[in-house]
Colleague: 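I have a structure I would like to understand better, so I am pasting it below and will then ask my questions one at a time.
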Amino acid sequence: MSSRRSRSRQMSSSRITDEQINDLLTKLQAVLPEAHLRSTDRVSAAKVLQDTCNYIRSLHREVDDLSERLSELLANNDINSAQAAIIRSLLR
Amino acid sequence: MDSENSACGNPNPNPTLGPSKLMLAFRFLRALSLVHRTTPASSRTCRGRRIERAAYASMAYSAGTGRGWSRAVLRRLHHRARRRAVAPRRLSTTAGNRAEALRQLVPGGAGMDYCTLLEETADYIKCLSMQVELMQGIVDSSSSYGP
């Protein structure tokens with residue numbers, strides 16, 4: 001673990017500390033699903049990165065899938081009812 | 001075609017506040033209208049791809065140019081026609097080369113230092129999940145009230 005400190009040194013005079021990295025990892029973990037189930041002390045970098053990658057992949061898949069479904073909707077309805085649907089979803 | 005980008009309007013002037021859901025919806029809706037108008041009814045796959053690009057474009061425009069990932073998304077969309085393989089940018093060795101898989105998932109991730117990457121990832125996830133929520137909401141509303 002101590003070897004990470006020298007590897008993470010940047011060109012500028014300020015050194016990135018493990019504390020800063022841990023802080024960023026904690027903030028990242030907070031935007032992942034089921035964040036409230038996890039402890040807020042020292043996070044495992046590998047676990048957070050793994051969970052993050054999996055989550056981003058699943059979000060990309062969802063965008064892909066939802067784009068197809070929206071394409072179907074545009075084909076079947078006219079654009080006005082799609083617009084009405086958007087406004088309805090915003091007002092909820 | 002740049003139509004998906006032009007429909008999204010000007011980038012968010014207040015990137016530090018984060019995109020508002022309303023602005024995101026407005027941009028996406030405009031892009032969706034344009035896709036509907038300009039895509040022939042028969043080409044369903046093409047329309048699906050254009051909707052997906054509209055989703056990323058409106059996401060990136062809403063986030064503004066203050067974010068590395070949104071700039072990378074907009075660059076990618078504008079250069080789509082060239083279809084050139086992107087050479088990985090050489091990282092400064094002092095910054096380290098951690099989190100390879102993550103760098104490939106976050107737009108512009110390859111050239112970022114580790115700390116920037118972590119910050120950008122958190123912001124990217126927030127915007128991406130907001131976009132997914134928006135699209136899911138549209139689909140849900142259409143299903144309940146549609147013909």
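None of these values were measured; they are calculated from a predicted model. Chain naming here is simple, since letters A, B, ... match the order of the sequence lines and numbering starts at 1 in each.
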Colleague: If you measure from CG on B:Asp140 to CZ on A:Arg69, what distance do you get to the nearest 0.5 Å?
Modeller: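 It comes to 7.0 Å.
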
Colleague: Can you tell me which of A:Ala46, A:Cys53, A:Ala30 forms the most heavy-atom pairs within a distance under 4.5 Å of chain B?
Modeller: A:Cys53

Colleague: Non-hydrogen atoms of chain A under 4.5 Å away: do they reach the side chain of B:Ala55, the backbone, both or neither?
Modeller: side chain

Colleague: If you round to the nearest 0.5 Å, how far is CG of A:Asp65 from CD of B:Gln136?
Modeller: 8.5 Å

Colleague: Does any heavy atom of chain B fall under 4.5 Å from the side chain of A:Leu49, the backbone, both, or neither of them?
Modeller: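 Interface part for A:Leu49: side chain.
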
Colleague: Using a 4.5 Å cut-off on heavy atoms from C-beta on, say whether the side chain of B:Met135 contacts that of A:Ser67.
Modeller: yes

Colleague: Atom OH in A:Tyr55, atom OG1 in B:Thr121: separation rounded to 0.5 Å?
Modeller: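 So the gap between those two atoms works out to 13.5 Å.
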
Colleague: Going by heavy atoms in the side chains, are A:Leu74 and B:Thr39 under 4.5 Å from each other?
Modeller: no

Colleague: Where do A:Arg57 and B:Ala101 come nearest, in terms of heavy atoms and distance?
Modeller: NH2-CB, 4.2 Å

Colleague: Take B:Leu105 and A:Thr52 through the side-chain contact (heavy atoms from CB on, under 4.5 Å) test and state the conclusion after the steps.
Modeller: CA-CA 10 Å; B:Leu105 290 169; A:Thr52 303; over 6 Å; no

Colleague: Any non-hydrogen side-chain atom of A:Val31 less than 4.5 Å from a side-chain atom of B:Asp123?
Modeller: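 Sidechains of B:Asp123 and A:Val31: no contact.
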
Colleague: Any heavy-atom pair between the side chains of A:Leu24 and B:Tyr114 that's under 4.5 Å?
Modeller: no

Colleague: Hey, what do you get for CD1 (B:Ile125) to CG (A:Leu28), rounding to the nearest 0.5 Å?
Modeller: 5.5 Å

Colleague: How long is the straight-line distance from SG of B:Cys115 back to CD1 of A:Ile21, given to the nearest 0.5 Å?
Modeller: 4.0 Å

Colleague: Side-chain contact, heavy-atom cut-off 4.5 Å: B:Leu128 with A:His60?
Modeller: yes

Colleague: To the nearest 0.5 Å, how far apart are CD1 in A:Ile56 and OG in B:Ser129?
Modeller: 10.5 Å

Colleague: Are the charged groups of B:Arg49 and A:Glu68 less than 4.0 angstrom apart, N to O?
Modeller: yes

